[in-house]
2 protein chains.
Amino acid sequence: MSDTSAPSAAADGVDHRMPTIRDIAERAGVATSTVSRALSNPQRVNARTRERIEKIAAELNYVPSTQARGLSSGRTGAIAVLVPDVTNPFYFDIIRGTQNQLKAAGYTQLLVDTEEATDVELDALRRLRRTSDGIILAASRLTDAQLAEVAGRQPLVTINRATADAPTVLIDTPGAMVQALEHLASLGHTKVTYVGGPTSSWSTHRRWQAIQEAASRRNIEVTRIGPYAPKTLSGAAAADAALGTGATAFIAFNDLIAIGMLQRFRERGVRVPEDVSIVGCDDIFGADFCNPPLTTISSPIEQAGRTAVSMLLAQLDPLHGGTPRKLAVMPTYLQVRASTGPAKKA
Amino acid sequence: MSDTSAPSAAADGVDHRMPTIRDIAERAGVATSTVSRALSNPQRVNARTRERIEKIAAELNYVPSTQARGLSSGRTGAIAVLVPDVTNPFYFDIIRGTQNQLKAAGYTQLLVDTEEATDVELDALRRLRRTSDGIILAASRLTDAQLAEVAGRQPLVTINRATADAPTVLIDTPGAMVQALEHLASLGHTKVTYVGGPTSSWSTHRRWQAIQEAASRRNIEVTRIGPYAPKTLSGAAAADAALGTGATAFIAFNDLIAIGMLQRFRERGVRVPEDVSIVGCDDIFGADFCNPPLTTISSPIEQAGRTAVSMLLAQLDPLHGGTPRKLAVMPTYLQVRASTGPAKKA
DNA sequence: AACACACCGGCAAGCGATTGCCAAAAGTTG
DNA sequence: CAACTTTTGGCAATCGCTTGCCGGTGTGTT
């Protein structure tokens with residue numbers, strides 16, 4: 001870097017200073033306030049003036065400064081999306097959903113990976129207070145109290161984590177657990193093990209509860225192992241432990257664990273579904289082409305992301321958004337593939 | 001703004017207005033400039049004063065306004081990462097790599113999905129000019145001229161797209177193509193088809209070139225089909241077309257296509273690797289557990305992301321960053337799994 | 001013809017930080 | 001102890017845009 005100097009005009013003769021509304025105002029012979037309004041509040045200004053301004057803005061290749069806009073208006077135009085792990089395919093779809101919807105609404109998405117850690121989540125939330133207009137919090141690890149405090153400070157929507165203090169998008173995996181159990185029961189399984197996720201995960205508790213209830217109404221004995229980290233690598237340990245329970249069918253916290261188990265069973269020579277059956281959860285990328293293809297709980301994840309955005313936007317702009325819903329439940333269903341089969345005769 | 005006066009407390013008794021350096025300055029009995037310096041230029045201020053200020057800032061739970069900071073300093077503290085498709089697992093790893101490294105350096109990551117479209121990419125780039133301090137552009141679809149212009153306007157690092165105008169991180173997939181070809185040759189394959197990616201992809205051309213060169217030096221006949229969109233869904237069409245070439249082995253533009261082909265072959269009763277062999281590229285999530293597990297080209301993708309960040313940061317701050325490298329090439333190797341086998345006797 | 005009322009554009013005060021410049025205080029030196 | 005240098009903190013101007021308030025025009029209503 002030898003240049004960077006010169007009286008604001010670069011050595012190549014081109015003025016690299018970004019144009020501001022002031023430049024536009026001068027060229028158009030109006031006040032900056034008029035330019036501002038023409039550009040962000042079109043109906044507030046005469047059509048002819050507006051067109052002239054727009055034309056000049058285009059010529060100058062004007063791009064408004066988000067910074068300045070945010071500073072004076074109090075709005076940042078950004079929505080933060082916090083997920084526990086960006087590399088978990090489940091969140092990909094959420095991210096894509098929010099991304100689409102936010103872009104459509106003219107917002108910028110701030111993606112934050114909270115690394116499955118409460119303190120990272122809290123810290124991010126803290127500094128995001130100034131940086132974003134609202135937060136979408138997926139699979140939060142926070143306590144109810146913490147969540148309430150966050151919700152009190154800024155618009156918030158949670159995904160897969162119910163709280164009275166903020167609108168929530170729930171994916172009805174517990175409901176599908178019942179389907180899964182019925183499916184397994186009809187295949188003759190009587191002993192089922194639930195392979196649990198992280199202790200701090202709200203979802204894993206809900207699912208376990210749903211399973212217990214459903215099992216008690218049928219003739220099924222359920223046990224639980226875990227917690228396991230939601231990664232394929234945890235699958236090996238989970239598979240080994242699962243085998244120790246004597247159950248013939250396993251319902252995993254999510255597909256990542258289920259796929260990991262699949263791999264481990266293969267290593268150990270345990271056949272799926274001949275020897276044991278496995279049900280996953282989320283129907284992520286890969287669930288359809290793993291070996292064997294995974295029976296799992298499927299849901300419109302991407303839509304969950306879109307719905308979360310809608311709910312948040314409705315909060316930000318109560319007029320436009322209609323009555324803000326406090327809760328949306330995404331339907332789920334059991335996607336039966338090849339990882340479940342008749343129970344092996346004892 | 002109705003109040004701003006009085007004890008400026010909200011109805012619930014809690015003051016919801018965010019604290020500013022001014023609040024801190026008043027409490028500490030110093031000027032705002034001192035607070036500013038204490039917080040972002042510590043050695044510029046007496047240790048005792050600084051400690052006092054820091055203490056008050058902590059008590060007030062002060063968070064600086066990125067907006068204001070950016071406006072006055074000219075830096076935004078954000079780096080944009082543009083990828084063609086956030087749901088492509090290949091980019092997951094890039095994203096995770098940049099995310100980590102950026103966070104460590106105190107930057108915010110702005111993730112943008114360019115939807116594999118040039119105009120979306122250009123538009124994003126345009127508005128990002130004001131919003132970010134620098135850009136990481138993965139697998140850009142832009143022309144050299146467009147790229148040069150972007151690079152002239154703001155710090156830029158490209159991934160998998162060489163250009164003289166900006167530092168680049170390359171993943172040496174072409175190099176690995178040679179390995180792949182040798183692997184196939186040693187298995188007795190003499191006719192190989194390359195299943196190409198999007199026309200606008202720079203990588204697909206490089207790979208095809210490498211393949212042609214390597215093939216001409218051996219006794220292998222290569223053909224090319226495509227373009228195909230880099231999604232599993234394109235795999236079906238690709239598989240059908242591939243079969244039509246009469247080749248016994250296929251090298252796919254990426255794992256997504258390869259996995260899609262795998263599925264299609266299964267549907268059609270074509271056995272892999274007994275009837276045909278497939279090599280993928282990228283070693284994405286899923287390549288190891290699909291059926292059969294995919295022989296593919298593996299590389300430290302996450303590190304590519306991290307390296308890109310380092311190179312960009314070095315550009316932003318030439319002093320600290322040492323001599324900025326202009327090019328980094330990530331090593332690759334062939335990961336042999338079960339989708340390749342001996343050529344079928346004709 | 002008189003009055004009310006949009007409509008439209010300008011003025012100017014911020015928004016919350018950073019930073020160049022300056023002066024008072026403190027520390028050094030011969 | 002005078003002359004200097006270095007520290008340290010304050011002043012005030014910006015950064016680029018938004019927005020409340022105001023007044024001058026044009027249009028519509030009695």
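Labels below follow one simple rule: chain letters A, B, ... track the order of the sequence lines, proteins then strands, and each chain is numbered from 1. Heavy-atom basis, side chains included; hydrogens, waters and symmetry copies ignored.
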To the nearest Å, how far apart are E26(A) CD and dC17(D) C1'? 15 Å

Does one side chain, of T168(B) or T158(B), offer a donor that lies under 3.5 Å from an acceptor on the other? yes

Round to a whole Å and report the spacing from CZ of R22(A) to C1' of dC11(C). 14 Å

Round to a whole Å and report the spacing from CZ of R37(B) to C1' of dT8(D). 8 Å

Contact class for R48(B) vs. all strands (heavy atom < 4.0 Å): base, sugar-phosphate, or nothing? nothing

Presence of R75(A) side-chain N/O under 4.0 Å of dT19(D) phosphate oxygens OP1/OP2: yes

Considering only heavy side-chain atoms of S33(A), the closest of dT18(D), dT19(D), dT18(C) is dT19(D)

Any chance the side chains of N61(A) and E59(A) put a donor and an acceptor closer than 3.5 Å? no

Drop me the distance from Q154(B)'s CD to L316(B)'s CG, to the nearest 0.5 angstrom. 10.5 Å

Is a donor-acceptor contact shorter than 3.5 angstrom present between the side chain of R130(B) and the base of dG16(D)? no

How long is the line joining CG of N41(A) and P of dG9(C), in whole Å? 13 Å

Rounded distance in Å - CD (Q67(B)) to P (dG16(D)): 15 Å

Taking atom types as modelled, find out whether N100(A) and R306(A) have a side-chain donor-acceptor pair closer than 3.5 angstrom. no

So A31(A), base contact, sugar-phosphate only, or nothing? Heavy-atom distance under 4.0 Å. sugar-phosphate

Donor + acceptor pair across side chains of T76(B), S132(B) (<3.5 Å): no

Students often get this wrong, so: under 4.0 angstrom with heavy atoms, is T20(A) touching a base, only sugar-phosphate, or nothing? sugar-phosphate

Does a side-chain N or O of R69(A) approach OP1 or OP2 of dT18(D) to a distance below 4.0 Å, or not? yes

Between T49(B) and dT8(D), does any side-chain N or O lie under 4.0 Å from OP1 or OP2? no

Nearest to the side chain of S72(A), which nucleotide is it out of dA12(C), dT18(D), dG10(D)? dT18(D)

Describe the nucleic acid contact of S40(A) in one word from base, sugar-phosphate, nothing, applying a heavy-atom distance below 4.0 Å. sugar-phosphate

5'-most by nearest nucleotide on DNA chain D - L71(B) or V35(B): V35(B)

Roughly, in whole Å, what's the span from CG in L39(A) to P in dT18(D)? 8 Å

For residues Q146(A) and T143(A), is any side-chain donor paired with an opposing acceptor at under 3.5 Å? yes

Report yes if a donor N or O on one partner sits less than 3.5 Å from an acceptor N or O on the other, where the partners are the side chain of S36(A) and the base of dC17(D); otherwise report no. no

For the pair made of CD1 in I24(B) and C1' in dA17(C), what is the distance, rounded to whole Å? 11 Å

From CG of N46(B) over to P of dG10(D), roughly how many Å is that when rounded to an integer? 12 Å

Over all strands shown, is R50(A) touching base, sugar-phosphate only, or nothing at heavy-atom distances under 4.0 angstrom? nothing

Among dG10(D), dC17(D), dT18(D), which is the nearest nucleotide to the side chain of R44(B)? dG10(D)

